Amino acid sequence: MNRSAPVVFAIVLSAVAVNVALADRPGPDWMPIQQVIEKVLKSGFALVSKIEADDGRWEGEGIKDGQKMKFLADSKTGEIISTRPDH
C-alpha cells in the first residue's frame, strides 16, 4: 500500500470541506443582497421574506401575484433564474 495515500486523502477531504463551508457565502463578485432584493421586487414580487446564498446563487422566498413563491436568482446579475410555488 502507498504510505502517502492517507496524506493525499486528508488533503482532498480538507479541500472538499472548505468548498462546502464556502458554498453558502456570497462570493466577492456577487451582486450585493440589497440590489438583488430590488431586482426581485421589480420583477413582480410584492415582498421578499427570505434571501440567502445557496449553491452559487441567491435563493429566496416572497409573495408574487398574491402567492407564496420560492425563487432562484443569478449571483452576479440578480436576474431571476426560476420561480415556483412555496407549498
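Predicted, not measured: the structure shown is a model, and the values here were computed from it.
Taking the side-chain contact (heavy atoms from CB on, under 4.5 Å) definition, one finds that Thr83 meets it with Phe45, Met69, Phe71, Ile80, sequence neighbours left out. With sequence neighbours excluded, the residues forming a side-chain contact (heavy atoms from CB on, under 4.5 Å) with Glu61 are Ser49, Lys50, Lys70, Asp86, listed by chain and number. Remark: Lys68 pairs with no residue by the salt bridge (Lys or Arg N to Asp or Glu O under 4.0 Å) rule, at least two apart or across chains. With sequence neighbours left out, the side-chain contact (heavy atoms from CB on, under 4.5 Å) criterion links Lys42 to no other residue. Under the rule for a salt bridge (Lys or Arg N to Asp or Glu O under 4.0 Å), the partners of Lys39 that lie at least two apart in sequence or sit in another chain are Glu79. With sequence neighbours excluded, no residue forms a salt bridge (Lys or Arg N to Asp or Glu O under 4.0 Å) with Glu59. A search for salt bridge (Lys or Arg N to Asp or Glu O under 4.0 Å) contacts involving Asp65 returns nothing, not counting sequence neighbours.
Between Thr77 and Met31 the shortest heavy-atom distance is O-CE, 3.1 Å. Between Trp58 and Pro26, the shortest heavy-atom contact is CH2-CG, 3.6 Å. Shortest non-hydrogen contact noted between Leu41 and Leu47 is CD2-N, 3.8 Å. For the residue pair Ile81 and Ala73, the shortest heavy atom distance occurs at CD1-C, 3.7 Å.
The cluster map of Ile, Leu, Val, Met, Phe, Trp and Tyr, joined by side-chain heavy atoms under 4.5 Å apart, puts Leu72 and Val40 in different clusters.
Within the 4.5 Å cutoff, the side chain of Asp74 has no heavy atoms near those of the Arg57 side chain.
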